[in-house]
Amino acid sequence: MLRIIIFVLIFMGVQPIAYSQKTRPVKMLKSTKDTLDVRYNDYLDELSWILSPKKKMDVLAVQIDDSPIKVTIISSIDSISFQVKLGDKYDFIIVKGEKHYKTRIEGIQAYQTRKDDSLAHVNLQCLKTDLLSVAERNKKYPFNKATRIELISFTDTGAILSIPLPVKDGRLDQSKIVDQKILHTAQINKLTDILFNVGRTPIPNLKYTEHVGSGCYVPRNGIVFLDSNERVFAYIEICFECQQHRFSSKRIKPWDDCEQKHDMLRHFFAELGIKFGTSERGTHEVPE
């Protein structure tokens with residue numbers, strides 16, 4: 001009965017669907033080696049693709065943002081290219097000798113888009129607010145325990161590497177102090193305003209944040225907190241050149257860091273006569 005129906009359909013000029021479809025030939029890429037290069041537009045990732053006989057289908061996932069990417073697989077004797085858009089899937093076979101490796105290039109959503117990068121950069125910029133009053137800022141440790149607060153610069157001409165802030169048994173090592181300034185009330189208020197009322201620009205639904213500073217750390221400055229016995233009980237060590245800082249204890253809570261905050265602090269130090277460590281990056285000569 002089935003043969004009669006098919007014969008009638010053919011006689012009438014109608015081809016059954018199962019017999020009319022044509023499979024698209026799978027592209028081939030020849031190689032003499034197990035490692036291949038991959039080019040993404042103009043960027044060449046050398047020897048990044050390794051043939052694996054253990055995988056039934058080897059998949060190269062290409063992160064796509066807002067524009068297609070031209071992906072080229074390059075062997076020792078051949079190459080193959082695809083213009084990959086989000087959601088695209090291209091299957092082909094890499095042939096090495098008698099072995100055939102099924103391979104797929106697939107366009108997936110980029111983990112970090114240009115829009116995400118832009119929003120993270122905006123978030124990194126400093127924004128001045130007046131969220132905390134003077135009284136509220138002064139309640140924060142160690143400001144609430146200090147009877148005197150000083151700005152200092154320090155060095156050790158005999159040290160090969162950088163040194164930590166020179167304090168031992170609650171006393172500053174004056175032989176290593178270059179500049180020193182005791183702050184009065186108005187100056188303390190200005191300092192806490194920078195520390196606690198300047199922070200990152202809020203961005204809703206932010207996927208990730210950027211970090212402030214570089215990997216180096218060569219501290220030359222600090223904020224020192226003294227008690228009623230004139231002993232140092234806490235300090236904040238600062239490297240303006242690398243935009244990094246460290247606290248003397250975990251009791252000092254991190255402030256909201258942003259890209260321009262270290263420069264604001266550097267200018268604050270310089271305005272109050274702390275010269276060493278606050279000049280333009282790369283020039284830190286010890287005054288005679």
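One-based numbering along the sequence shown.
Using modelled atom types, one side-chain atom of Lys261 and one backbone atom of Val198 make a donor-acceptor pair closer than 3.5 Å. Remark: side-chain polar atoms of Glu271 are not paired, donor with acceptor, to backbone N or O of Phe268 under 3.5 angstrom. Judged purely by atom type and a 3.5 angstrom limit, Tyr90 uses its side chain to pair as donor or acceptor with the backbone of Gln83. Between the Gln125 side chain and the Thr201 main chain, no donor and acceptor come within less than 3.5 Å of each other. Without hydrogens or angle criteria, Lys139 side chain to Asn144 main chain gives no donor-acceptor distance under 3.5 Å. With hydrogens and angles disregarded, a donor-acceptor distance shorter than 3.5 Å links the side chain of Asp256 to the backbone of Arg200.
Residues Phe143 and Leu191 form a side-chain contact, since some pair of their non-hydrogen atoms from C-beta on lies under 4.5 Å apart. You'll find the side chain of Asn221 stays beyond 4.5 Å of the side chain of Leu151, heavy atoms only. The closest side-chain heavy-atom distance from Ile152 to Tyr235 is not below 4.5 Å. The shortest distance between side-chain heavy atoms of Asn189 and Arg137 falls below 4.5 Å. Residues Leu86 and Asp66 have side chains not in contact (no heavy-atom distance under 4.5 Å, counting atoms from C-beta outward). The side-chain heavy atoms of Phe82 and Ile73, taken from C-beta on, include no pair separated by under 4.5 Å. Counting heavy atoms from C-beta on, the side chains of Ile236 and Leu165 never come closer than 4.5 Å. Side-chain contact between Ile223 and Ile149 is present, with heavy atoms from C-beta onward closer than 4.5 Å.
The distance from the CD1 atom of Ile105 to the CD1 atom of Ile69 is 11.0 Å, given to the nearest 0.5 Å. Here NZ of Lys115 is found 7.5 Å from OG1 of Thr113. Values are rounded to the nearest 0.5 Å. Considering CG of Asp42 and NZ of Lys70, their distance stands at 9.5 Å, rounded to 0.5 Å. Rounding to the nearest 0.5 Å places NE2 of His184 at 10.0 Å from NZ of Lys190. The CG atom of Leu265 sits 10.5 Å away from atom NE2 of His267, with the distance rounded to the nearest 0.5 Å. Between the CD atom in Glu210 and the CG atom in Leu119 there is a gap of 10.5 Å [rounded to 0.5 Å].
For the pair Arg251 and Tyr141, the cation-pi criterion (under 6.0 Å, within 45° of the ring axis) is fulfilled. The cationic atom of Lys140 (NZ for Lys, CZ for Arg) lies less than 6.0 Å from the six-membered ring centre of Phe196 and within 45° of the ring axis.
For the residue pair Glu237 / Tyr217, a side-chain donor-acceptor distance below 3.5 Å is found, with atom types taken as modelled. If you check the side chains of Thr72 and Ser79, you find no donor sitting under 3.5 Å from an acceptor.
Checking Arg104, Lys102, Lys27 one by one against Asp91, the side chain to side chain donor-acceptor pair (under 3.5 Å) holds for a single residue, Arg104. Screening Gln243, His245, Glu241, Gln244 for a side chain to side chain donor-acceptor pair (under 3.5 Å) with His262, the sole residue that qualifies is His245. For the side-chain contact (heavy atoms from CB on, under 4.5 Å) criterion with Val84, the lone passing option out of Leu60, Val71, Ile108 is Val71.
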- Using the side chain to side chain contact (heavy atoms under 4.5 Å, CB included) rule, take Lys168 and Asp173 through it: C-alpha gap first, then chi angles, then the decisive distance, then the call. CA-CA 7 Å; Lys168 184 177 181 180; Asp173 183 350; over 6 Å; no
- Could you please spell out the steps behind the salt bridge (charged side-chain N to carboxylate O under 4.0 Å, His left out) verdict for Asp117 and Arg114? CA-CA 5 Å; Asp117 288 342; Arg114 292 185 180 89; over 6 Å; no
- Apply the test side chain to side chain contact (heavy atoms under 4.5 Å, CB included) to residues Ser31 and Leu36: give CA-CA distance (whole Å), side-chain angles for both, the deciding distance (0.1 Å), then the verdict. CA-CA 8 Å; Ser31 179; Leu36 298 88; 4.3 Å; yes
- Task: Could you walk me through whether Trp49 and Asp58 pass side chain to side chain contact (heavy atoms under 4.5 Å, CB included), step by step?
- Result: CA-CA 10 Å; Trp49 191 258; Asp58 213 348; 3.6 Å; yes
- Message: Could you walk me through whether Ile238 and Phe269 satisfy the side chain to side chain contact (heavy atoms under 4.5 Å, CB included) test, starting with their C-alpha distance in whole Å, then the side-chain angles of each, then the deciding distance to 0.1 Å, before giving a yes or no?
- Response: CA-CA 11 Å; Ile238 304 173; Phe269 272 65; 4.1 Å; yes
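When all heavy atoms of Gln180 and Ile274 are compared, the closest pair comes out as N-CD1, 3.9 Å. Scanning all heavy atoms of the two residues, the minimum distance from Ile64 to Lys85 falls at CG1-C, 4.1 Å. Residues Ser228 and Thr147 share a closest heavy-atom pair of N-OG1, 3.3 Å. Asp227 and Phe233 make their closest contact through N-CD2, 3.6 Å (heavy atoms, listed as atom of the first residue, atom of the second, distance). Across all their heavy atoms, Lys275 and Asp179 have their closest contact at N-OD2, 3.2 Å. Thr278 and Ala270 make their closest contact through OG1-CB, 3.9 Å (heavy atoms, listed as atom of the first residue, atom of the second, distance).
Placement of Met264 and Leu272 within a single hydrophobic cluster is found when ILVMFWY residues are connected by side-chain heavy-atom separations under 4.5 Å, directly or transitively. No single ILVMFWY cluster, assembled from side-chain heavy atoms under 4.5 Å apart, contains both Ile74 and Ile80. Val26 and Met57 fall into different hydrophobic clusters, defined by Ile, Leu, Val, Met, Phe, Trp and Tyr side-chain heavy atoms under 4.5 Å apart, directly or through other members. Neither Val212 nor Phe247 shares a network with the other; the hydrophobic side chains, linked directly or stepwise wherever heavy atoms of I, L, V, M, F, W or Y lie under 4.5 Å apart, form separate groups for each. Residue Leu124 is not grouped with residue Ile194 when hydrophobic side chains (ILVMFWY) are merged at heavy-atom distances under 4.5 angstrom, including chains of intermediate members.
Under a 4.0 Å N-O distance rule, the pair Asp193/Lys128 qualifies as a salt bridge. A salt bridge links Lys96 and Asp34; the closest N-O separation between the charged side-chain nitrogens and carboxylate oxygens is under 4.0 Å.
Heavy atoms from other residues, nucleotides or ligands lying under 6.0 Å from CD of Glu230 number 12 at most.
Aromatic ring centroids of Phe154 and Phe276 lie 6.0 Å or more apart.
Sulfur atoms SG of Cys126 and Cys258 are positioned under 2.5 Å apart.
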